[in-house]
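Just below is one structure, and these are the notes that go with it.
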Number of protein chains: 4
Amino acid sequence: MRTDKKQAILDAALTLFTEQGYHATSTASIAKAAGVATGTLFHHFASKDALLAELFLTVKQELAVEMQAGLKSESGLRHNAHHVWQTGMEWALDNPQKQLFFQQFCMSPALSPEIRKMAMEEVLGFLGDLLLQGQQAGEIADFPADLMLENCHGQFLAATRFFLDNPARWQQHHYQDAAFQQFWQSITPIHN
Amino acid sequence: MRTDKKQAILDAALTLFTEQGYHATSTASIAKAAGVATGTLFHHFASKDALLAELFLTVKQELAVEMQAGLKSESGLRHNAHHVWQTGMEWALDNPQKQLFFQQFCMSPALSPEIRKMAMEEVLGFLGDLLLQGQQAGEIADFPADLMLENCHGQFLAATRFFLDNPARWQQHHYQDAAFQQFWQSITPIHN
Amino acid sequence: MRTDKKQAILDAALTLFTEQGYHATSTASIAKAAGVATGTLFHHFASKDALLAELFLTVKQELAVEMQAGLKSESGLRHNAHHVWQTGMEWALDNPQKQLFFQQFCMSPALSPEIRKMAMEEVLGFLGDLLLQGQQAGEIADFPADLMLENCHGQFLAATRFFLDNPARWQQHHYQDAAFQQFWQSITPIHN
Amino acid sequence: MRTDKKQAILDAALTLFTEQGYHATSTASIAKAAGVATGTLFHHFASKDALLAELFLTVKQELAVEMQAGLKSESGLRHNAHHVWQTGMEWALDNPQKQLFFQQFCMSPALSPEIRKMAMEEVLGFLGDLLLQGQQAGEIADFPADLMLENCHGQFLAATRFFLDNPARWQQHHYQDAAFQQFWQSITPIHN
DNA sequence: TATGAATGAGGATTCATTCAT
DNA sequence: CATGAATGAATCCTCATTCAT
C-alpha cells in the first residue's frame, strides 16, 4: 500500500514513454494513466527527469537479475552463454514494453549520461567477466574485451528488435537458433 | 546562394538535434544558430517534423551513396563486404555528428515510421542483395536474410558507437581488424 | 513543551519570511526548518495568513512593550523621548531579524489592513500621547499630530535601516547622536 | 507602435503589482490587463522578475528626472530644497500608483538588491550633492551625509504615505507647510 | 497532538507557427 | 524570399490544505 501509487506511476510512465517518447508524454498524462493526481507524481519523483532515470534503472536491473539467475559455474561456457542469451531474449519478448523502452532510451539524450553508464555497467559487468573467463579458457576469440562487449550488446538489441517486430518468427526454431548461432560465431575462435 | 540559408538551417538542426534531442531543441534556437530569422525556417520547411524528416533522409542518403561507391561486382564477396564495412566506418568517424544523429533517431518515435522505413530500405536494400548473392555462392551462412540484415545493422551501430566513444582505438589496427572480423565471422558458414 | 513546536514554527517563519518574502516561502519549508511535519503547522495556525498575522502582532507587541518599559512621567519630555528612541533602536539592532521582518511587512499587501492598523495603533498610540503632552507643554512643535506621528515612524524606520545596513556606525557615538538629534530637531519648535 | 505593447504591459504590471503584490499577481493577469497574449509578455521581458526590475527602474527614473528638472544653482539652498521636496510630493500625489508601487517594493525581497541599489543611487545621488554643498556653506547641519540621506528618504516616504492616505490634507496649506518644515528643521543647524 | 501522503488548481514559462511588413 | 513580433495552448512544477492513521 505504501508503494502502490509510486509503482502505478512507474508503470504508466513505462507505457507512455515507450509509445510516445519522453518529451511527447506530459506528466499530467502519466498521472492520469496511473490514476493519481499530478501533484502525487512530484511527491514521489523530484522531476520528470528523475522519474525517467529511476524507471530506467529499475527496468535495467530487472533484466540483469533475470539473466544472472540461472548461471552455473559448473556448466560449460557455451551452455552458460546460451542460457544468458536465451533468458535475455525471453525476458525481452515477455516484456516487450520494457525492451522497447530500453531500446529507445539507451541512446536518447533525455537520459543523463551518468544514469546510462550506471545502468550499463550493472548489466554488462557480469557479461564482461564471462567473456574474460572464456578467453582465458580459449573458448572465446581473442578480440579486445571492450569492443566485444559493445558488439554483443548491439547484436542483442538487433535480435530483440527483430523478434519484437516479427513475433511469429520466434516460434520458428531455425530463426531462434540462427539468432544465437550468429551471435556465438561472432565471438568464438575461428575453427570449431 | 539560393540554398545558402536552407543549408545553414539543416546544419544547425543536425548539431542541435544530436546534442539536445528533437523535442528539447526549439525552432527558434535552430534559426538563431543558423543565423536566420525564426520565420525563415518555415519558408524552407513546412514544419519542424518535416525538417527532421528531410534531414534524416539527407544524411542517410549520404551514407548510402558512400557505401555503394566503390563496390565492384568482379571483386570477391569478402572484398566487397570489407569495403562496405570499412567505408561505412570511415564515414561514421569522419562525420561523427551525422552518425550520432542517425544512431539517435533511427529508434526515436520523433521520426515517423514511414520515413524511417524509407531511409532504411535505401541503405539496407543493396546490402540485402549482397547477402543473397553470398548465400547462393555458399560464402555466406544460411541464416534467414531478414534476421541477418537486422543483425548486421546492429553490429555496425555497435562498432561506430564504440569507436566514436573511443576514437583512439581506431588508430590501433587490431581493433579495426577485430571489429570487422567479428562481423565477418557472424555471417559466414562455420569455418571448417 | 506544549508550545515548543508552535514557537519553533514562529521562529522558522520569521527567518524565512524575512529572507525570502511571504509568498516565496512555502509552508512546507517552514515546517521543515522548524523540524515538524507539514500537517503540524496547520494544527497551530488556521492558515498561512493566520501565521503571518500572529507573527506580526507578536513581534510588534514585543517592540511596544520594550519601548514603554522605562518611561517615567516625572522625567522631562526630552529625556523620555530620547529613552524611547534609544530603546527602540537598541531593540532593532539586537533583533535585526525582527526589525527587518517588520520593515518589510508593514507595507506589504500580504498582511491584511486590519492587522496592520491594529499593530500600528498598539505602538504608535502611546507615542501620540507623548507628542500631545509635549505640544501642550510647548516643548514640541505645533505641527498636525497625525502628520508628525507618521513622520516619526518614517525617521525611526530610516534610522534602523541605516544602522542595520551599516552596523559599524552604531559604535560611533556621533552617528548615534546625529540620528537622534535629527529626529529631535524635526519635532521641536524653532530653536531661537 | 513598436513599444506599444511593451508599454501596455508595464502599465498593467504597475497597477496590479501595487494592488495585489508581486507574487499574488500572475503573469497571465498582467497580459490580460494589458490586452496582449501571455507569450507576448515573455517576448518583451525575460521573466517576471525582469519585468519588475525594469518597471522599478523606469518609475524611479521618472521621479529622478522630475525632481532635478527645476533646480537652479543660482537660487539659495533653501529654495532648491523646497523645490525638490515640493516637486517630489506633487509627483507622488499626481502618480499615486507609482508612489505606492515604489513604497511597497523598495523594501521587498522580490526586487534584487542590485536593482534596488542601482535605483537608489540614481535618485539619491544628486540629493547627496545638494546636502554636501549645503554643509560646506554652513546651511545644512553637520551630520554624517549617509545617515542624513537615509533619513531624508524616510521622511519623504512618510510624508507621501500620509498625504496619499489623507488626500484632503494636501489641500490644507498648514499641512503642506508642516511637512516641509519638519523636514527642513531636521537637516538645518540648530539656530536659525 | 502529530504525521506526511495525497490532492488539483494555479502559476511561470516555452514554443511551433503565423502574418504583416 | 526574409523578418521577428505576436499568439495562446500546452507543459512542468509548486503549494496551501486535508485527512486517515
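Predicted model, so just to flag it, every value in this text is computed and none were measured. A note on names: the letters A, B, ... follow the listed sequences, proteins ahead of strands, and every chain is numbered from 1.
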Check whether Tyr22(D) reaches the backbone of Asp49(D) with its side chain - one donor and one acceptor, N or O, closer than 3.5 Å.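 It does hold such a pair.
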Within the side chain of Arg116(A), is there an N or O that forms a donor-acceptor pair under 3.5 Å with the backbone of Pro109(A)?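 Not at all, since once roles are kept as given, no pair shorter than 3.5 Å links the two residues.
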Nucleotide paired to dA12(E) in any strand shown, Watson-Crick or G-U, under 3.5 Å: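 Per the H-bond distance test, dT11(F).
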Pairing nucleotide - dA20(E), Watson-Crick or G-U, each distance under 3.5 Å: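 Base-paired to dT3(F).
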I want to confirm an ordering. Mapping Leu41(A) and Ser47(D) to their closest nucleotides on DNA chain E, which one lands closer to the 5' end?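 First, find each residue's nearest nucleotide; the 5'-ward one identifies Leu41(A).
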Earlier contact from the 5' end, DNA chain E, for Val36(C) and Thr38(B):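 Whichever sits nearer the 5' end wins; that is Val36(C).
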What is the distance, rounded to the nearest whole Å, between atom [atom1] of [X] and atom [atom2] of [N]?
{"X": "Ile30(D)", "N": "dG8(F)", "atom1": "CD1", "atom2": "C1'", "result": "17 Å"}
{"X": "Ile9(D)", "N": "dA6(F)", "atom1": "CD1", "atom2": "P", "result": "8 Å"}
{"X": "Lys6(B)", "N": "dA2(F)", "atom1": "NZ", "atom2": "P", "result": "11 Å"}
{"X": "His43(D)", "N": "dA6(F)", "atom1": "NE2", "atom2": "P", "result": "6 Å"}
{"X": "Lys32(A)", "N": "dA9(E)", "atom1": "NZ", "atom2": "P", "result": "13 Å"}
{"X": "Lys5(B)", "N": "dG4(F)", "atom1": "NZ", "atom2": "C1'", "result": "13 Å"}
{"X": "Phe45(D)", "N": "dA12(E)", "atom1": "CZ", "atom2": "P", "result": "15 Å"}
{"X": "Phe42(D)", "N": "dT13(E)", "atom1": "CZ", "atom2": "C1'", "result": "5 Å"}

Side-chain touch His43(D)/Lys5(D), heavy atoms, less than 4.5 angstrom: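 Not in contact.
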Of all the heavy-atom pairs spanning Leu51(D) and Ala13(D), show the shortest one and how long it is.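 It is CD2-CB, 4.0 Å.
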Side-chain donor-acceptor pair under 3.5 Å between Asp11(B) and Gln7(B), yes or no?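 Note: Asp11(B) and Gln7(B) side chains meet the donor-acceptor criterion.
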Between dA2(E), dA16(F), dA12(E), which nucleotide has the shortest distance from any of its atoms to the side chain of Lys48(C)?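 In terms of side-chain proximity for Lys48(C), the closest of dA2(E), dA16(F), dA12(E) is dA16(F).
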Using a strict heavy-atom distance below 4.0 Å, which residues from residues 15-27 of chain D are in contact with DNA chain E?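 DNA chain E contact set from residues 15-27 of chain D: Thr25(D), Ser26(D), Thr27(D).
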Taking for each residue the nucleotide of DNA chain F bearing the nearest heavy atom, is the 5' side occupied by Asp49(C) or by Ala37(D)?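 Nearest-nucleotide comparison on DNA chain F picks Ala37(D).
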Here's a test of your reading of the structure: between Ala46(C) and Thr40(B), which maps to the more 5' nucleotide of DNA chain F?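 It is Thr40(B), whose closest nucleotide lies nearer the 5' terminus.
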Just checking, Lys60(D) and Phe101(D): is the charged tip under 6.0 Å from the six-membered ring centre and within 45° of the axis?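 No, cation not above the ring by the 6.0 Å, 45° rule.
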Name of the residue among Ile30(A), Thr15(A), Thr18(A), Leu52(A) meeting side chain to side chain contact (heavy atoms under 4.5 Å, CB included) with Thr25(A):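 The residue from Ile30(A), Thr15(A), Thr18(A), Leu52(A) that satisfies side chain to side chain contact (heavy atoms under 4.5 Å, CB included) with Thr25(A) turns out to be Ile30(A).
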